[in-house]
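Data first, discussion second: the structure below is written as structure tokens.
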Amino acid sequence: MIIAIKFFDCFAGIGGFRSGLEQAGGFECVGSCEIDKYAAAAYRAMYDTGKEVYYSDITRINTGEMPDFDLLTGGFPCQPYSAASTNPRGFDDPRGALFFELARIIKDKKPAAFLLENVRSLLVHNGGKTYKEILSTLSELGYIVEWRVLNTRSWLPQERKRVYIVGHHRADRAGKIFCFEECGGANLLKVIGGTQGQRVYDSSGIACTQCAGDGGQGVHTGLYTVDMNPDPKILDYIRCIVARYDSGITNFKGSSSGVLVEMNPMVIDLADKSEFFESERTAYAVAVADENGNVRYFRIRKLLPVESWRAQGFTTEQFNKAAALGICDSRLYKMSGNAVSVPVIKAIGERIRDIIFSEGGEKIA
């Protein structure tokens, strides 16, 4: 009889960790914690949580009342460490200090392993001192700590680099969790500059997706491509799906941006500053000269909420269950931006299952 590896889902969001581990197989969720009421409602709609415990606030969890579990998962808040934040204050931000709540739970519950995720810029925040403290804290709890930056692009058509951290007690298996072969991808090629929400990128490279969050031009929407040619170019990648809480358009490369897509080729004198040309450009039909001096017209469109969920590895059925609650599009975008990429977690989960909890390995609760 196969006994499932029990896990507790901290900062659960819409369940990226859960979906990934369930797809990996051999895992069973015993509870979750999520403070956003809309994400928590979507989570309950998407998964069978009837027999599980739920906490809204991680700071109020009484670990003595928690069920036992083998694995703790959590994508702790990234805004305090993110390069996209206007003032990334790290542990001085109440959200940043929530990492120590994870450490508290790990210390008290002593799971066999944990799996955490955050933005890549966590590595260099405060000159690397923040990450050093995180690793030291986890190590002092008695765990062998491994980490690696993985790009979602190796599994899904999205450019999304995140740091993944695994802790366990298996000294004989150290260094084996993150043995992944990652694929490459086309480069991001900017063709037309300007402010975020107006920049245009070559469709032969990585496409750009939405910044999901509150306020600002282009933040909710995500600009994506529509190829109107008889022989359309199919894009392989979109840009990182992100969630923004406290700002609109930023100056960071690729955020809230679109990609060129060809419409009808036309020959136009570039010296002609016609009203037609300018109005079409303003309407997101943009033109550039090719090698022959011709001008080709392009259009971009908004990425749909369901597409942003798919780009994170969630299924259309899961999205429909959340959308059926009447959640507005801006929140659906935000949920996908906050989520961890499902197939990345699936791949790591398979390694955790087969390496840490393999025969002769950690005991299962």
Side-chain angles (χ1 to χ4, degrees), residues 5 7-11 13 16-17 20-21 24 27 70-83 88 90-91 95-107 110-156 158-183 240 242 338-357 361-362:
I5 300 166
F7 71 95
F8 186 87
D9 200 1
C10 282
F11 306 108
F17 281 99
L21 293 178
F27 294 88
D70 311 291
L71 173 70
L72 180 76
T73 64
F76 54 105
C78 64
Q79 293 75 25
Y81 319 107
S82 176
F91 297 142
R95 295 170 298 181
L98 291 178
F99 161 75
F100 295 104
E101 294 297 328
L102 282 175
R104 174 178 69 90
I105 294 173
I106 292 172
K107 178 181 178 181
K110 298 178 173 59
F114 56 78
L115 169 58
L116 311 179
E117 178 259 10
N118 211 280
V119 292
R120 182 178 57 167
S121 55
L122 172 65
L123 303 177
V124 296
H125 182 270
N126 194 24
K129 294 179 181 179
T130 298
Y131 196 56
K132 180 180 179 180
E133 184 169 354
I134 286 174
L135 295 181
S136 296
T137 300
L138 297 173
S139 179
E140 289 169 2
L141 292 176
Y143 290 85
I144 297 167
V145 183
E146 304 180 31
W147 62 272
R148 182 173 173 180
V149 174
L150 295 173
N151 194 341
T152 296
R153 191 171 66 180
S154 295
W155 289 269
L156 288 168
Q158 184 194 171
E159 175 78 9
R160 186 184 188 88
K161 295 179 181 178
R162 294 292 185 267
V163 60
Y164 297 87
I165 307 169
V166 169
H168 59 89
H169 302 292
R170 298 294 304 274
D172 59 324
R173 307 295 174 89
K176 296 183 179 181
I177 300 297
F178 292 112
C179 295
F180 295 114
E181 290 293 331
E182 293 190 77
C183 67
C240 179
V242 298
N338 276 333
V340 62
S341 301
V342 173
V344 183
I345 298 302
K346 176 178 182 290
I348 299 173
E350 290 171 344
R351 304 291 292 181
I352 289 175
R353 180 196 63 203
D354 298 340
I355 293 174
I356 298 176
F357 293 97
E362 291 287 355

So Trp155 and Val342, side-chain contact (heavy atoms from CB on, under 4.5 Å) or not? Walk me through it. CA-CA 9 Å; Trp155 289 269; Val342 173; over 6 Å; no
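- The ring pair (Phe, Tyr, Trp, His ring centres under 6.0 Å) test with Phe76 singles out one residue from Phe11, Phe99, Phe17, and that residue is Phe99.
- For the pair Ala24 and Glu350, the tightest heavy-atom approach, listed with the atom from each and the gap, is CB-CG, 3.7 Å.
- Residues Lys161 and Val149 approach most closely at CB-CG1, 4.1 Å, considering heavy atoms.
- Between Glu101 and Arg104, at least one side-chain nitrogen of the basic residue sits less than 4.0 Å from a carboxylate oxygen of the acidic one, meeting the salt-bridge criterion.
- Rounded to the nearest 0.5 angstrom, Lys176 NZ and Ile356 CD1 are separated by 12.0 Å.
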Start with the C-alpha gap between Leu123 and Trp147, add the side-chain angles, then the distance that decides, and say whether side-chain contact (heavy atoms from CB on, under 4.5 Å) holds. CA-CA 11 Å; Leu123 303 177; Trp147 62 272; 3.9 Å; yes
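- In this structure, CG on Asp172 lies 8.0 Å from CD1 on Ile144, to the nearest 0.5 angstrom.
- Within the model, atoms CZ of Arg170 and CD of Glu146 stand 11.5 Å from one another, a figure rounded to the nearest 0.5 Å.
- Here the side chain of Ser139 pairs no donor or acceptor atom with the backbone of Leu135 at under 3.5 angstrom.
- Among Val166, Leu138, Val145, Val340, the one residue that satisfies the side-chain contact (heavy atoms from CB on, under 4.5 Å) test with Leu116 is Leu138.
- The two atoms that bring Ser341 and Arg160 nearest to each other are OG-CD, 3.5 Å, heavy atoms only.
- Nearest heavy atoms, Ile106 versus Pro111: O-CD, 3.6 Å.
- Atom CD1 of Ile177 is separated from atom CD1 of Ile348 by 9.5 Å, given to the nearest 0.5 angstrom.
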Would you sort out whether Tyr143 and His168 count as a ring pair (Phe, Tyr, Trp, His ring centres under 6.0 Å), showing the intermediate values? CA-CA 5 Å; Tyr143 290 85; His168 59 89; 8.6 Å; no
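- Nearest heavy atoms, Val344 versus Leu150: CG1-CD1, 4.1 Å.
- Rounding to the nearest 0.5 Å gives a distance of 8.0 Å between CZ of Arg162 and CG of Asn118.
- The CG atom of Leu122 lies 10.0 Å from the CD atom of Glu117; values are rounded to the nearest 0.5 Å.
- Salt bridge Glu133/Lys129: absent, no basic N to carboxylate O contact under 4.0 Å.
- In this structure, Arg351 places its CZ atom where more than 12 heavy-atom neighbours from other residues, nucleotides or ligands lie under 6.0 Å away.
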